[in-house]
Q: 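Just dropping this structure here.
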2 protein chains.
Amino acid sequence: MASIKKNSTNNINKEIIIARCSEAYAMDMIGTRWKLSVFYQLKHGPMRFSALRDSIGNVTDRMLTLHLREMERDGLVIRTVYPEVPARVEYSLTESAVELQPVWEYLRAWGKRHMDRQQGLTPAPLHDTLD
Amino acid sequence: MASIKKNSTNNINKEIIIARCSEAYAMDMIGTRWKLSVFYQLKHGPMRFSALRDSIGNVTDRMLTLHLREMERDGLVIRTVYPEVPARVEYSLTESAVELQPVWEYLRAWGKRHMDRQQGLTPAPLHDTLD
DNA sequence: ATGCTTACTTACATTTTTGTTAGTTCCTTA
DNA sequence: TAAGGAACTAACAAAAATGTAAGTAAGCAT
């Protein structure tokens, strides 16, 4: 998120998948840590930076900024600066972002169903756990 | 994916989000590099490990194994071993995984629309790029 | 006994994402 | 002149995901 090495195998694989698969393109754009929270908070209208940060909780300024910047670049949020003092900056969802709503709803329902199905039959953890 | 530190801030944040938000739970389970490709390939029926690897292309044995193991643990794929020689192992989608199909379809359409909207108006890259 | 194939595993290296801490800038009010 | 709040940015550190290269087990054919 801070700097990317264009010709790493990692990045090349990512771009190959994205190029041939719009689902992957979409997933890549919406799948990182704080983006879902941003969608969720902005669902009912614009919010300023600090309100967003406080209502999400647990995000640092830096993390929120990084994710918002990516979302802005990707056409998912709009950033509006009001020339007041102290500064007021509001974020809102774009048309495209609003159109993702059905996905969240479906995934929410699916998630609940699946979680229930998995109850009780969850096997041992897959990875080593330190601590 | 190899080892996770239970009480890192990173992991704790992740678990907080997952705990209060089934969409996040779902996204967490389906959002890593090769999983979408696995869903896609297995859509029409079971496949053996090598076929999966070859049809995805660009995956290494290790990466494919890791992702399949997670998906198995998470109730998304079923692993069936046929006691032949050389070994034959087939992977297939679970009910739950099949029920994700609408999501892929929606995201595919959304991805295309959004990609078009973004055409031409793509600003400069967000991050530094080395090389 | 050796080689062959499939489906892995191991040990290690690199890249990417996430987090920590401490600034900075702008203008305003005390 | 100093303090203050909002919205950041910079430098650095840690954790997690991904990739590379080589090796392993099982057992049949040679």
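Chain naming here is simple, since letters A, B, ... match the order of the sequence lines and numbering starts at 1 in each.
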Q: Could a donor-acceptor pair under 3.5 angstrom be found where the side chain of Arg62(B) meets the base of dT10(C)?
A: no
Q: When you get a sec, tell me which of dA7(C), dC8(D), dC27(C) is the closest nucleotide to the side chain of Arg79(B)?
A: dA7(C)
Q: Please compare Thr60(A) and Asp28(A) by the position of their nearest nucleotide in DNA chain C and report the one closer to 5'.
A: Asp28(A)
Q: Tell me what Tyr91(A) touches on the nucleic acid: a base, only sugar-phosphate, or nothing, going by heavy atoms under 4.0 Å.
A: sugar-phosphate
Q: Over all heavy atoms of both residues, which pair between Met27(B) and Leu36(A) is shortest? Give the atoms and the distance, please.
A: CG-CD2, 4.3 Å
Q: Is His67(B) near enough to dA17(D) that one of its side-chain N or O atoms lies under 4.0 angstrom from OP1 or OP2?
A: no
Q: Less than 4.0 angstrom between a side-chain N/O of Ser50(A) and OP1 or OP2 of dA7(D), yes or no?
A: yes
Q: If you look at every heavy atom in His114(B) and Gly75(A), which pair is closest and at what distance?
A: CE1-O, 3.4 Å
Q: Bend across the helix from dA1(C)-dT30(D) to dA30(C)-dT1(D), to 10°, with axes taken over 5 pairs at each end?
A: 30°
Q: Checking contacts here: which listed nucleotide (dA7(D), dT9(C), dT18(D)) is nearest the side-chain heavy atoms of Arg69(B)?
A: dT9(C)
Q: Where the side chain of Leu66(A) is concerned, which of dT18(C), dA15(D), dA7(C) is the nearest nucleotide?
A: dT18(C)
Q: With respect to Glu23(A), which candidate in Lys43(B), Lys35(B), Arg108(B) satisfies the salt bridge (Lys or Arg N to Asp or Glu O under 4.0 Å) definition?
A: Arg108(B)
Q: Kindly state which residues belonging to residues 9-20 of chain B come within less than 4.0 angstrom of DNA chain D, counting heavy atoms of the residue only, listed by number.
A: Asn10(B), Asn11(B)
Q: If you only use heavy atoms from C-beta on, which nucleotide in dT9(C), dA15(D), dC28(D) is closest to the side chain of Asp61(B)?
A: dT9(C)
Q: Nearest nucleotide by nearest heavy atom, which residue falls closer to the 5' end of DNA chain D, Pro86(B) or Pro86(A)?
A: Pro86(A)
Q: Tell me the interatomic distance from Trp34(A), atom CH2, to dT17(C), atom C1', rounded to whole angstroms.
A: 13 Å
Q: Between dA7(C) atom P and Met63(B) atom CE, what is the distance in whole Å?
A: 19 Å
Q: Please pick, from dG19(D), dA7(C), dA16(D), the nucleotide with the shortest atom-to-atom distance to any side-chain atom of Ser8(B).
A: dA16(D)
Q: Using whole Å, report how far CD1 of Ile56(B) lies from C1' of dA7(C).
A: 15 Å
Q: From C-beta outward on Arg33(A), which listed nucleotide comes closest to its side chain: dC8(D), dG19(C), dT18(D)?
A: dG19(C)
Q: Side chain of Val85(A): nearest nucleotide among dT28(C), dG19(C), dA7(D)?
A: dT28(C)
